[in-house]
Amino acid sequence: MTLLESVHGPADLKRLGPDELVVLAEEIRRFLVDKVARTGGHLGPNLGVVELTMAVHRVFDSPHDSVVFDTGHQSYVHKILTGRRENFDTLRQKGGLSGYPSRSESEHDVEENSHASTALSYADGLAKAYQLTGQRRHVVAVVGDGALTGGMCWEALNNIASGTDRPVVIVVNDNGRSYSPTIGGLADHLSSLRLQPGYERALERGKNALQGTPFVGKPLYAALHAAKRGIKDALSPQAMFEDLGLKYIGPVDGHDHLALESALRRAKSFGGPVIVHTVTRKGNGFAPAENHEADQMHATGVIDPITGENIGPSKRTWTHVFADELATLGGERPDLVAITAAMRGPTGLDKFAGLYPDRCFDVGIAEQHAMTSAAGLAMGGLHPVVAIYATFLNRAFDQLLLDVAMHKQGVTVVLDRAGITGPDGASHHGMWDLSICGVIPGIHVAAPRDAASLREELREAVRIPDAPSVIRYPKASVGPDLPALERNGTVDVLHRSGSDVLLVTVGAFAELGLAAAQRLADQGIGVTVVDPRWVFPVSSDLVTMAADHRLVVTVEDNGRHGGFGWTLAAALRDASVDTPLRDLGIPQTFHEHGERPEVLADIGLTAQDVSRRITEWIAAAEPAEMGATVEK
Ligand SMILES: Cc1ncc(C[n+]2csc(CCOP(=O)(O)OP(=O)(O)O)c2C)c(N)n1
Ligand SMILES: CC(=O)[C@@H](O)[C@H](O)COP(=O)(O)O
Ligand SMILES: [Mg+2]
C-alpha cells in the first residue's frame with residue numbers, strides 16, 4: 001500500500017514523520033498528473049500547493065478549524081487529504097467531484113464560490129462568529145497572489161487587522177502568477193519580500209541556536225528579535241503588513257515541509273491576525289507545467305501525462321474569432337484600447353496585446369476597477385474594450401450602470417463564457433448578464449449567432465460613442481455561418497415556413513432554433529425564426545413581427561428572470577400587442593457542473609425540447625388561453 005492510500009483524513013496525515021511527508025508529496029504529485037491529465041482541470045495551481053496544503057492540515061484541525069481556499073481551483077490536494085481520493089476519475093464531470101470546494105461533498109469544505117478574492121471576507125466573518133459564540137476555532141484562509149489583486153481582499157484585510165484577538169491565519173500562496181505573471185504594486189511588493197528569503201532563515205537559525213543556550217539565550221534572542229524589527233523597518237517592506245496591524249511571517253519556502261509547519265505553528269500560537277507569506281512554484285514537479293510559458297498549466301484540457309501536450313480536440317472557438325477581429329480593428333482604430341482582469345489569454349486579448357502592447361491593460365483580478373477605469377479611458381478620448389467572462393460582470397454591475405452608462409461613455413464590454421459554461425459549475429455559468437444589462441438605461445447588447453455576426457456586431461459596438469455596448473458569446477466551438485434570408489431593421493430573418501410561431505433565438509441558439517423549426521415544419525407548424533442581433537434595446541421591428549404571429553417563443557442562454565424574453569414580453573404589452581409570448585431560458589437556480597451540452601439537455605434547451613414545448617403550446621392554444629406570458 002502506498003502512503004497516499006493510507007491517508008483517509010487529516011488524522012492519518014498528522015501521524016507521518018518528516019521522511020514520509022516527502023514521499024507522500026511525491027505520490028500526490030504523481031496522482032494529480034495522472035488524474036488531471038485524463039479529466040482536465042487546474043493542474044498547475046494544485047501542483048503548487050501540495051506541501052502547503054499538507055502543512056495546513058497537519059498544523060490545524062479541520063473541520064473544527066475552518067480552512068477557506070480563495071477561488072477554490074487549488075483545492076484538489078485538500079480533497080485528496082480529506083477522503084475524496086477515490087473520486088478523482090469523476091473530477092468536474094456531471095454527478096462527479098466538483099473542481100472547487102463543495103459543502104455537500106465534505107464537512108472540510110467551506111467556500112464554493114469560484115470568483116476570486118472572497119476568502120478573506122469569509123475568514124473575517126467566520127472569526128467574528130466564533131468569537132461571539134465563544135468557539136475557540138482558528139480560521140485559515142489560503143489566498144493566491146493573484147486573488148490579492150482583488151479589492152475585496154483589502155476590504156477584508158482592513159477589518160481582519162482590527163480583530164487583534166481573532167485567530168485568522170492568512171496563508172499567502174505567492175507563486176508570482178495569476179494566469180500570467182501577477183501585475184501591480186502588490187505583486188512587486190511581494191516579490192521584494194521573496195527576494196529576502198535568507199533574512200527569515202538567518203533569523204530562524206539565530207533563534208534556534210540562542211534558544212538552545214539557557215540564560216544567555218533568552219535576552220540575546222529578545223535583542224535579536226528587537227533588531228529584526230529595526231531591520232525590518234529599515235530594510236524590509238514587509239512592515240506594510242505590520243503597520244496595518246497584521247503580524248507577518250515569511251517569506252517561507254512553500255515546498256519545505258518543516259519550514260511551512262514551523263511558520264504555521266508560530267502563526268497558530270499567535271492567536272491574532274497573521275499573514276504567513278509562502279513562496280511556491282505553480283506546476284511544481286511537472287516540468288511541462290513549470291515551463292509552460294503562458295500560464296504554467298493554470299487550467300488544462302486532456303493532456304499527455306508525460307509531455308503535457310494537449311491531446312483533446314482542438315477547436316475554433318468564439319474567443320478566437322473575437323481575438324482576430326479585435327486585432328484587425330486595432331489597426332484601423334488607434335483609439336481602441338483593451339482591458340483584461342488578469343485573463344489576457346483566456347479572453348483572447350493576446351493577439352491585440354502583441355501588436356499594440358501599450359494599448360492593452362491588465363488590471364489584475366479587479367473587474368470593478370476595470371470597468372470604471374474604462375469609463376475614465378473613454379472620458380479621455382479613447383474607446384476601451386473590456387474583455388471578461390460573463391459571470392464576472394456580476395462584480396462590475398454598479399460600475400457599468402453608474403460609471404459607464406450614467407456618464408454616457410462609449411465602452412464596449414465583451415463577455416466570453418456567456419450562458420452555461422459547464423465544468424466550472426454554478427458560479428461560473430454566465431447566466432445573469434442579460435438580466436443585469438436589461439436594467440441599465442441606454443445599454444446596447446448584442447448576441448452574435450455566428451462568426452460573421454460577431455465580427456459585424458463588434459464593429460457596430462465600437463462605433464457607439466455615448467453608451468455602453470456589450471457583446472456576449474458562449475464557451476463553445478463557433479458553428480457554421482448562418483446567413484439571413486433578409487434583414488428587417490436590425491432583425492435577421494433566418495427561416496420562414498409560416499406565421500404560427502415567431503421563434504426568437506438569442507445568439508448562438510440560432511442553430512437550435514433552425515433545427516426546432518425544421519421539426520415543427522414536419523408537423524405542419526409554420527415558424528419564422530429570427531435573430532434579433534441586438535437584444536437590447538428591444539427592436540420595434542420585432543414587436544411589429546410579433547403582431548403577425550399566433551405565438552412568440554424566445555430562447556436564450558441566460559436566466560429567465562429579467563432576461564431577453566421577459567423584456568420582449570414587456571415591450572409587447574407596452575405596444576398593446578396581445579400575441580402570447582413564452583420564454584425559454586436557464587431556470588433560476590444554481591446549476592451543478594457537467595459538460596455544456598449535458599447541462600443544456602438537463603434544463604430543456606435543445607432543439608428537440610424546444611420543438612416539443614412549442615408543439616404542446618400550439619396544440620393546447622385557444623386564443624383566449626394564450627394570454628400567459630411566462631411558461632409554467
Ligand atoms: C472575480 C474573478 N475574476 C477572474 C477569475 C478567473 N481566475 C480564476 S483563478 C485566477 C488566477 C488566480 O491567481 P492566484 O490567486 O494567484 O492563484 P494561483 O492560480 O496562482 O494559485 C483567475 C484570474 C475568477 N475566478 N474570479
Ligand atoms: C478558476 C478559473 O481559472 C476559472 O476562471 C475557470 O477555470 C476558467 O475556465 P475556462 O477558461 O476553461 O472557461
Ligand atoms: Mg498565483
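Remember, it's a predicted structure, so these values are computed and weren't measured experimentally. Sequential numbering from 1 along the given sequence is applied to the chain's residues. Counting starts at 1 for both ligands and their atoms, in listed order.
- One side chain, Thr319 or Asp416, offers a donor N or O that lies under 3.5 Å from an acceptor on the other.
- Numbered from 1 in the order shown, with element, the atoms of ligand 2 that lie under 4.0 Å from a heavy atom of Lys475 read 10 (P), 12 (O), 13 (O).
- Atom 7 (N) of ligand 1 has as its closest protein heavy atom Tyr179 CE1, 3.9 Å.
- Using a 4.0 Å cutoff on heavy atoms, Gln74 does not count as a contact of ligand 1.
- Considering backbone and side-chain atoms alike, Ala342 places every N or O at 3.5 Å or more from each N or O of ligand 1.
- Nearest non-hydrogen protein atom to atom 13 (O) of ligand 2 is Arg417 NE, 2.9 Å.
- Of the listed residues (Arg596, Arg472, Arg417), just one forms a salt bridge (Lys or Arg N to Asp or Glu O under 4.0 Å) with Asp557, and that residue is Arg596.
- Ligand 2 does not have Thr421 within reach: every non-hydrogen atom of the residue lies 4.0 Å or more from it.
- Counted by atom type alone, Ser114 and Ser427 present one or more donor-acceptor pairs between their side chains at under 3.5 Å.
- Considering each of His298, His115, His73, Glu367, the one bringing a non-hydrogen atom nearest atom 3 (N) of ligand 1 is Glu367.
- Among protein heavy atoms, atom 6 (C) of ligand 1 sits closest to Met343 SD, 3.5 Å.
- Among residues two or more places apart in sequence or in another chain, the ring-ring contact (aromatic ring centres under 6.0 Å, His included) test is passed with Phe286 by none.
- Looking at ligand 1, you won't find any N or O of Thr71 less than 3.5 Å from one of its N or O atoms.
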Test ring-ring contact (aromatic ring centres under 6.0 Å, His included) applied to Phe241 and His189, step by step: CA-CA 11 Å; Phe241 291 113; His189 178 64; 5.7 Å; yes

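- Protein heavy atom nearest atom 16 (O) of ligand 1, with residue, atom name and distance: Gly146 N, 2.7 Å.
- Within the protein, the N, O or S atoms sitting under 2.8 Å from the Mg ion (ligand 3) are Asp145 OD1, Asn175 OD1, Arg177 O.
- Residue His42 places at least one N or O, backbone or side chain, under 3.5 Å from an N or O of ligand 2.
- For ligand 1, the atoms lying closer than 4.0 Å to a non-hydrogen atom of Asn175 are 18 (P), 20 (O), 21 (O).
- Counting atoms of ligand 1 from 1 in the listed order, those under 4.0 Å from a heavy atom of Gly144 are 14 (P), 15 (O), 16 (O).
- Counting only N and O atoms by type, the side chains of Asn113 and Thr118 include no donor and acceptor under 3.5 Å apart.
- Annotation: atom 1 (C) of ligand 2 to nearest protein heavy atom, Tyr100 OH, 3.1 Å.
- Protein heavy atom at the shortest distance from atom 4 (C) of ligand 1 is Phe392 CE1, 3.4 Å.
- Arg84 and Thr82 form a side-chain donor-acceptor contact under 3.5 Å, judged by distance and modelled atom types alone.
- Geometrically, ligand 2 and Tyr389 share a nitrogen or oxygen pair separated by less than 3.5 Å.
- In this structure, Val386 and Thr412 have side chains that are not in contact, with every pair of non-hydrogen atoms separated by 4.5 Å or more.
- Between the side chains of Thr71 and His115, no donor-acceptor pair of N or O atoms lies under 3.5 Å.
- At the shortest separation from atom 13 (O) of ligand 1 among protein heavy atoms lies Ser178 CA, 3.4 Å.
- Considering all non-hydrogen atoms of both residues, Leu260 and Asp253 come closest at CG-O, 3.7 Å.
- Of the N and O atoms on the side chains of His138 and Lys268, not one donor lies less than 3.5 Å from an acceptor on the other residue.
- Between His298 and ligand 2, an N or O atom pair is found at a separation short of 3.5 Å.
- Side-chain polar atoms of His428 and Thr421 form no donor-acceptor pair below 3.5 angstrom.
- In this model, no donor atom of one side chain and acceptor atom of the other lie less than 3.5 Å apart for Thr317 and Ser477.
- Contacts with ligand 1 closer than 4.0 Å are made by heavy atoms of both the backbone and the side chain of Asp145.
- Contact atoms of ligand 1 toward Asn173: 21 (O) (distance under 4.0 Å to a heavy atom of the residue).
- In Ser114, the part holding a heavy atom less than 4.0 Å from any atom of ligand 1 is the backbone.
- Counting non-hydrogen atoms of neighbouring residues, nucleotides and ligands closer than 6.0 angstrom, the CD atom of Glu592 reaches no more than 12 such neighbours.
- Contact annotation: the side chain of Thr53 approaches that of Leu81 to within less than 4.5 Å [non-hydrogen atoms, C-beta and beyond].
- For the pair Arg395 and Phe392, the cation-pi criterion (under 6.0 Å, within 45° of the ring axis) is not fulfilled.
- Nearest protein neighbour of atom 12 (C) of ligand 1, counting heavy atoms only, is Ile365 CD1, 3.9 Å.
- A donor and an acceptor atom, one from each side chain of His108 and His78, are nowhere located under 3.5 Å apart.
- When the heavy-atom distances from atom 1 (C) of ligand 1 to Arg395, Gln296, Met152, His428 are ranked, the shortest goes to Arg395.
- The ligand atoms of ligand 2 that sit less than 4.0 angstrom from a heavy atom of Tyr179 are 2 (C), 3 (O), 4 (C), 5 (O), 8 (C).
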